[in-house]
Enquirer: 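I have a structure I would like to understand better, so I am pasting it below and will then ask my questions one at a time.
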Amino acid sequence: MRRTLAAALFLCAALHPGISNADTTVYRSEYAITVLGLPVGTSSFETEIGSDHFKMTGTMTARGLLALFQPTSGSVTVTGNIVADRIAAREFTLNYTSGDEKQRTEIGFANGGVASTVNEPKVKKRKDWIEVTAAQLKGASDPISALLIRANAPGDVCNRTVRIFDGAMRLDVKLAFLRIVPWSIGGRTGDAVMCRATFEPVSGYHKSRKEIAWLREKGRMDVAFATIEGTGVYAPLRATASTQIGPVRVYATRFEILAK
């Protein structure tokens, strides 16, 4: 359950479509998280976008019965640059608490890849741990900014492989085109590109873990990307992911501009 909710937090942050041509624009969004159709959490995010930089901050809190049996909360911050052909993270920080368990992850990026990683507490490694190599960290991004995609046309959004590093695991996410779908959030409407994401664990995990085999063989996520006017950037609007305990769904319940 801890990893399922952490994944939901990453999805919520990535689902925030806050990019504008204005010098500085600040967006506020709120999301609902469900597992097996049952509400398990909510999140809120604030994103500041400039002409060449971005900053995202967000929180996630358990709701419903889960909050009674496993109090869970998290916060995430990502800063980075907006360059000609991609979104480039600079710093990623995640703080996560579930019951008595606490985790802090900090990732620094430079020269197109991961430059530093701090995990508190440290990642536990057994003999069958597959180490992450320096070569595998080149071109990798955090799980949030990795899902902001620059593309010239809808047909260019999905057919790519996204290299993700979450502080422990290196994961390739392969996007394939499914269809064009309509969307509507807070009175705004349009068409979005639906991609099917499949997962290929690369390193940073225990070889004997059954969850890894399941992720590789059965893990799926459908993500709807929409273009942000005038930017050439496509951002996720909603997502549904399959997990070992059932489908996780994240969808926006509020979206508004706070300042421009």
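For clarity, every value in this text was computed on a predicted model and none was experimentally measured. Sequential numbering from 1 along the given sequence is applied to the chain's residues.
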Enquirer: Between atom CG of Asp128 and atom NZ of Lys207, what is the distance when rounded to the nearest 0.5 Å?
Expert: 8.5 Å

Enquirer: Tell me every residue that passes salt bridge (Lys or Arg N to Asp or Glu O under 4.0 Å) with Arg90, counting only those two or more places apart in sequence or in another chain.
Expert: none

Enquirer: Do the side chains of Met60 and Ser73 get nearer than 4.5 Å, heavy atoms only?
Expert: no

Enquirer: NZ/Lys127 to OG/Ser208 distance, rounded to the nearest 0.5 angstrom?
Expert: 12.5 Å

Enquirer: Write out all pairs satisfying side chain to side chain donor-acceptor pair (under 3.5 Å) with one or both partners inside residues 215-226, taking only residues at least two apart or from two chains.
Expert: Arg196-Asp222, Glu200-Arg216, Tyr205-Arg216

Enquirer: Starting from the C-alpha separation in whole Å, work towards a yes-or-no answer on side chain to side chain contact (heavy atoms under 4.5 Å, CB included) for Arg170 and Arg163.
Expert: CA-CA 7 Å; Arg170 251 289 285 119; Arg163 298 163 61 90; 3.4 Å; yes

Enquirer: Just verifying a value: how many Å separate Ile107 CD1 and Ser116 OG, rounded to the nearest 0.5 Å?
Expert: 8.5 Å

Enquirer: Considering only residues two or more places apart or on different chains, which pairs with a residue in residues 156-202 satisfy ring-ring contact (aromatic ring centres under 6.0 Å, His included)?
Expert: none

Enquirer: Would you give the length of the straight line joining atom OG1 of Thr93 to atom CD of Glu106, rounded to the nearest 0.5 angstrom?
Expert: 4.5 Å

Enquirer: Can you name the nearest heavy-atom pair linking Leu175 to Val157, along with the distance?
Expert: CD1-O, 4.3 Å

Enquirer: With side chain to side chain contact (heavy atoms under 4.5 Å, CB included) as the criterion, how do Ile164 and Asp172 come out once you've worked through the C-alpha distance, each side chain's angles and the decisive distance to 0.1 Å?
Expert: CA-CA 6 Å; Ile164 292 177; Asp172 282 344; over 6 Å; no

Enquirer: With clusters defined by side-chain heavy atoms of hydrophobic residues (ILVMFWY) lying less than 4.5 Å apart, directly or transitively, does Leu215 cluster with Ile130?
Expert: yes

Enquirer: Other residues, nucleotides and ligands only: do more than 12 of their heavy atoms fall within 6.0 Å of CG on Asn111?
Expert: no

Enquirer: Do Pro154 and Tyr234 make a side-chain contact, defined as non-hydrogen atoms from C-beta onward lying under 4.5 Å apart?
Expert: yes

Enquirer: Considering all heavy atoms of both residues, which atom of Val181 and which atom of Ala224 are nearest to each other, and what is their separation?
Expert: CG2-CB, 4.3 Å

Enquirer: Would you compute the distance between atom OG1 of Thr240 and atom CE of Met221 and round it to the nearest 0.5 angstrom?
Expert: 10.0 Å

Enquirer: Check step by step if side chain to side chain contact (heavy atoms under 4.5 Å, CB included) holds for Leu137 and Thr117.
Expert: CA-CA 11 Å; Leu137 293 177; Thr117 306; 5.6 Å; no

Enquirer: Can you confirm whether Cys158 sits close enough to Val193 that some side-chain heavy atom of one is under 4.5 Å from a side-chain heavy atom of the other?
Expert: yes

Enquirer: If every non-hydrogen atom of Pro182 is compared with every non-hydrogen atom of Asp191, which pair is closest and at what distance?
Expert: CA-OD1, 3.9 Å

Enquirer: Ignoring hydrogens, what is the shortest heavy-atom contact between Ala176 and Asn159? Give both atom names and the distance.
Expert: CA-OD1, 4.2 Å

Enquirer: Do the side chain of Glu101 and the main chain of Ser98 share a donor and acceptor less than 3.5 angstrom apart?
Expert: no

Enquirer: Is there a side-chain contact between Val162 and Ser141, using heavy atoms and a 4.5 Å cut-off?
Expert: no

Enquirer: Would you compute the distance between atom CD of Glu211 and atom NE2 of His206 and round it to the nearest 0.5 angstrom?
Expert: 11.0 Å

Enquirer: Do Leu94 and Gln103 come within less than 4.5 Å of each other through their side chains, counting heavy atoms only?
Expert: no

Enquirer: Are Thr77 and Thr57 close enough that some pair of their side-chain heavy atoms sits under 4.5 Å apart?
Expert: yes

Enquirer: Can you tell if the side chain of Pro143 reaches within under 4.5 Å of the side chain of Phe92, non-hydrogen atoms only?
Expert: yes

Enquirer: Can you name the one residue among Asn95, Asp142, Asn119, Asp166 that meets side chain to side chain donor-acceptor pair (under 3.5 Å) with Thr105?
Expert: Asn119

Enquirer: Looking only at atom types and distance, does a side-chain atom of Arg249 sit under 3.5 Å from a main-chain N or O of Arg238, one as donor and one as acceptor?
Expert: no

